[in-house]
Every structure is written in structure tokens, then in C-alpha cells.
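Worksheet: the structure to be examined is printed underneath.
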Amino acid sequence: MTGKGFRQRSVLAATLGGVILIAASAAAQTAPAPTFSKDVAPILQNKCQECHQPNSIAPMSLITFAESRPWARSIKTRVATRQMPPWHIDQSVGVQKFKNDMSLTQKEIDTIVAWVDAGAPQGDAKDMPAPKPIASDNSWKGVRDGFGEPDLVIRSSEYKMPAKGQDVWYRPMSEIPITEPRWVKMVEIRPTNLKARKVLHHSIAYQVLSPANVASVNTGTANGPSAAATVEDLVNRRPQLMEWAIGKGYDLFTPGTGKMIMPGEKLSWDQHLHAAGEEIDAGSEIALWLYPKGQEPTKRSYLIGFTGLQRRGFLDIAPNSVSHTEGFTVLKENTLITNFQPHFHLRGKAMEVRAILPDGSTEVVSYVGKFNFNWMTNYIYADDAAPAFPKGTIIQVSAWYDNTKANPNNPDPDQWVGYGDRTVDEMAHAWMNVVYLSDAEYKAHVDAKKARQTNESPRQ
Ligand code: HEC
């Protein structure tokens, strides 16, 4: 009879449930709770202290037990929701291998949560790992990460930002002090001093090209791509050496690619300053790590802001609404994409970059579902994960805005928001460094990817 069968199954299920419950509580009794000294401190050292130390950007230090203990609850919330570390890229779609991944593994999250749930015990101080060296000031992340001292540091003049007032866009010029053409391998921008970190929201270093440099790219010599893409990228849009914003580290170009600088060229800065309640002198400086002479790369890398807007410079976000825009850019060349940095202002909520290939297939390149204005995180793809698309592919950038009070960064959900440079205005684009590939290079990329996939998934 069906009734009986049903009863039997539920008894069995209940019994199984009981067994699992007993096993779980037995495990909880025997497995010791994680302690700060043994289990949590190593995670904080590797994934948190770069920012959570006295002279860095985070509001509190997480080095000792005494410093960390008062924050236990907040730490649990921030790590369990993956707000901290600030690595907000979706882990279920798109490229998943990065050069600068600072996210926690699920196991690390579980350890921290279990530690807090157990009352955040210190454990035996003897278990503490040896302390990690901490930065004493405004040091370069590239140096801390072992790339050595930069070859060249170019500094902008400083602006005296008053304690109160409107936002300022400070746009001085700097010389590039070199005597022969050089190739740049890595760049990093930082505020000129520790206090400047409080007022400098973003800084872009544009390269004012010498005519010789434009010509060398334009004619396709010096390893430039074809003229069509180049003239537009280099002249009309001003090439950028780097875009920096709060929380960003360096841009490391893909091996064999870089940006060329020439004698006589200048840097033109675009720095966005925001008053912070005290007078602060602020500017920015850029560090350049160069390719050694004789090891010049064969390709240029271009920083492009793929638009998320239907019409450039036009946005219309109603008060108290969640809204969406999308922008389309056709690739004129076979293109390798080496990083993704979503850019919005305060209402930014989510951004997806999708490729629509000439054969009609589509592919999600990257998706950030929890954008947070405080974190202009740059996601740098691992060399063997950077995607390439053929000429004619459409890059579709979809952008979502949250102009409701649910958005903690929203200064006023009752405001209409349009396009503009001010932080209270909005914009949406995907900063991506790209390298243009010849047909042969593109084919080699596709073949290498196929070979990797065969090796990685033998069952298919
Ligand atoms: C790249 C720098 C950086 C890293 C790495 C980082 N943090 Fe943070 N953290 C910050 C900054 C800046 C803030 C303040 C702004 C904010 O809340 O986003 C912050 C805020 C926090 C807060 C909220 C403090 C409060 O006011 O309640 C907690 C908790 C926290 N971080 C924990 C961690 C933990 C734990 C890790 C490592 C697992 C970590 N953070 C990694 C920079 C960082």
C-alpha cells in the first residue's frame, strides 16, 4: 500500500537525519574550535594585512589578537558575504583565473566564521606565525609584491585641497624624463603622500604622444596594430598609461606586451579630489617598471574604456529606481583582453561584459554583481585565461544602477542622476587593456586554448 511505503520512507529519513545529527554534534565536540593564533592569524597575514595595518588604507589594523578581537562580528559579516577582501567578481561565470586574486577560499571563510561562532578565542600565543613585515608608509604595491624598485617615478605637482568645498579636477602636466624610447612593463599610480589618500578619488595619467610615436604606430611599424584602430585610440581618445582609483594596485601588462614612451613626451594628469574636512596637499605619482634594453616586447597594450551606454555621454537614472543600460563596441581587430575593471560612481551596482562573436555565439567575459564604489578593483586575467576574440566580435557591456536607499553608497535616492564627471553624477564603462592580434596569432591563441581544455577535462 502506498501509505505504508510512505511511512517507511519517512521513518528511514528520520533515522538517517538522526544519525547525521549525532555524527555532526560528535564532530563538533571533538574537533577543536579554530583559534586566532593557529588558524586565523595566518589568513589575516596573507589576505588582510596589506590594507589592515597602521599606515594603510583600512580603518583598523588586524595584526594582533588585541586589535582584531573587537572586530570579530564585523569580520564574520564582511568575509561571509565576500565584501572583504574587496574582490567582488562573480565566481560562477566568466574568466576565473587571475594574477592578483585576493579572495578567500571557501575553507578560509569557514574557518573565520567558525572562529567567531566559537567566541573568537585567542588560543595559544605560541601558535602565532612570525609577523609579516609591514609597510611603514605610502609604499608601492609593486615593490611589496617583489617586482623590485621602479625604474622611473614621475610626480605631479600637488593641489592644496581645502577642508570643505566642491570637488576639484586637477590637471597638471609632467615631463617624462627619458633620452631614448623605452617600453613599459608595469605601471602603478599612488597619491603623493599618506594624507592625500583621503582626498584623491581617482587619477588618470594620459600620455601626450610625440609625433614620432604616433607615426610609428600609425604606419604599423614598431609593432603597432593596423592604422584604423590606432589613430582613434591614440589621438582622439588620448592613450592612457594608467587609470587609478581608491583601492587599485598596479597594471602588469601581459608578457611580450607593453606601452612605448618616447623622449620629449609628457604626462597629462586628470585627478579627482574630494574635500575631507581638513586642508590636504594632494597629487599623484606614477611608477614605471621598464623592459630591460634588448628585451623589448613585440606588442603594444592599449587601455580602452568599453562603454556601457547606448549613447556616449548620456544617462538618465530616475529617483528611487534600479535601472539598466548597455553599450556595444565592435572590435575592428582580433583582440586579446587582459584585464577587467568596472568603472561607475556611487549608483553603480553591477556590470557584465559579454562577447557576441561573428558566428552568433556569446560568451560572458566577466561579471561583477556587487560593485562597490569604494573598491575600483582591477581584475587581471592570468596569462593562460585571458580571452581573445576575432575581428567583428561585439563587446556588450551591461550596466545596472541602484538609485534606491538600499544602496549604502547612495547620497540621495530622491535625486535624478545624469551623466557626468562628478562623483554624484554617473558613468559606466569597462576598463580593459587589450592587445591586437594578427590572424596567425589569433589562431595560435585558439589552438592553445583548445589544447588546454583537452588536457584539463579528459572526460569530455
Ligand atoms: C585592499 C585592501 C583591503 C584588504 C585586502 C582587506 N580590507 Fe578590510 N577594509 C579595507 C578598507 C579600506 C575598509 C573600509 C572601507 C570599507 O568598509 O569598504 C575595510 C573595511 C573592513 C571591515 C569593516 C570595518 C567596519 O567599519 O566595520 C572589516 C570587518 C574588514 N575590512 C575586514 C577585512 C578582513 C577580515 C580582510 C581579509 C580577509 C580584509 N578586510 C581585507 C581594506 C581592505
Side-chain angles (χ1 to χ4, degrees), residues 34-37 39-89 91 98-117 120 129 131-135 137-145 188-191 194-202 244-251 274 276 341-342 344-346 348-349 368 370-380 407-411 423:
T35 70
F36 183 83
S37 307
D39 308 286
V40 175
I43 303 174
L44 301 187
Q45 278 195 351
N46 290 332
K47 302 280 178 79
C48 319
Q49 284 176 11
E50 181 195 327
C51 301
H52 287 274
Q53 56 173 283
N55 280 320
S56 191
I57 53 176
M60 76 287 192
S61 171
L62 293 178
I63 297 178
T64 64
F65 175 71
E67 286 166 341
S68 311
R69 179 64 184 79
W71 296 96
R73 254 167 204 286
S74 177
I75 290 174
K76 176 181 162 181
T77 313
R78 294 291 190 109
V79 304
T81 54
R82 289 196 181 272
Q83 294 174 68
M84 280 286 148
W87 186 263
H88 304 135
I89 200 155
Q91 301 197 327
F98 304 91
K99 286 181 181 169
N100 60 336
D101 194 342
M102 57 169 118
S103 64
L104 295 177
T105 63
Q106 193 53 50
K107 191 160 170 262
E108 289 171 326
I109 294 177
D110 295 345
T111 301
I112 290 176
V113 169
W115 170 66
V116 176
D117 287 348
K132 259 201 157 173
I134 59 174
D137 59 15
N138 189 28
S139 66
W140 297 109
K141 179 162 163 57
V143 172
R144 297 201 299 279
D145 283 2
E188 180 175 348
I189 291 178
R190 71 181 182 190
L194 219 46
K195 275 207 154 171
R197 288 181 177 270
K198 292 191 184 169
V199 294
L200 187 68
H201 268 221
H202 84 236
W244 177 91
I246 303 166
K248 175 161 171 173
Y250 45 77
D251 274 346
H274 185 79
Q341 186 194 343
F344 285 108
H345 291 169
L346 297 165
K349 176 183 171 72
V368 165
K370 292 183 191 162
F371 179 83
N372 179 337
F373 174 74
N374 297 321
W375 293 109
M376 299 290 170
T377 306
N378 183 24
Y379 303 94
I380 308 176
N407 172 358
N409 292 325
N410 193 347
T423 308

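In listed order, ligands and their atoms are each counted from 1. Just so you know, these numbers use all the heavy atoms, side chains as well, and skip hydrogens, waters and symmetry mates.
For the side-chain contact (heavy atoms from CB on, under 4.5 Å) with Lys47, the lone residue among His52, Met84, Glu108 that qualifies is Glu108.
The shortest N/O to N/O separation between Trp71 and ligand 1 does not fall below 3.5 Å.
Close contacts between ligand 1 and Lys47 involve ligand atoms 5 (C), 37 (C), 41 (C) [criterion: under 4.0 Å to a heavy atom]. The distance from ligand 1 to the heavy atoms of Ile75 drops below 4.0 Å at these ligand atoms: 29 (C), 35 (C).
For the pair Arg82 (side chain) and His88 (backbone), a donor-acceptor distance under 3.5 Å is absent. One N or O on the side chain of Glu188 and one on the backbone of Gly142 form a donor-acceptor pair closer than 3.5 Å.
The aromatic rings of Phe36 and Phe65 sit perpendicular, their planes meeting at an angle over 60°, well past the 30° parallel limit.
When heavy-atom distances to ligand 1 are checked against a 4.0 Å cut-off, Val79 comes that close only through its side chain, counted from C-beta outward.
In this structure, Met60 counts as a contact residue of ligand 1, since one of its heavy atoms falls inside 4.0 Å of the ligand.
If you look at Tyr250 and Trp140, their ring centroids are not closer than 6.0 Å.
The heavy atom nearest to atom 33 (C) of ligand 1, considering only His52, Arg78, Gln83, is found in His52.
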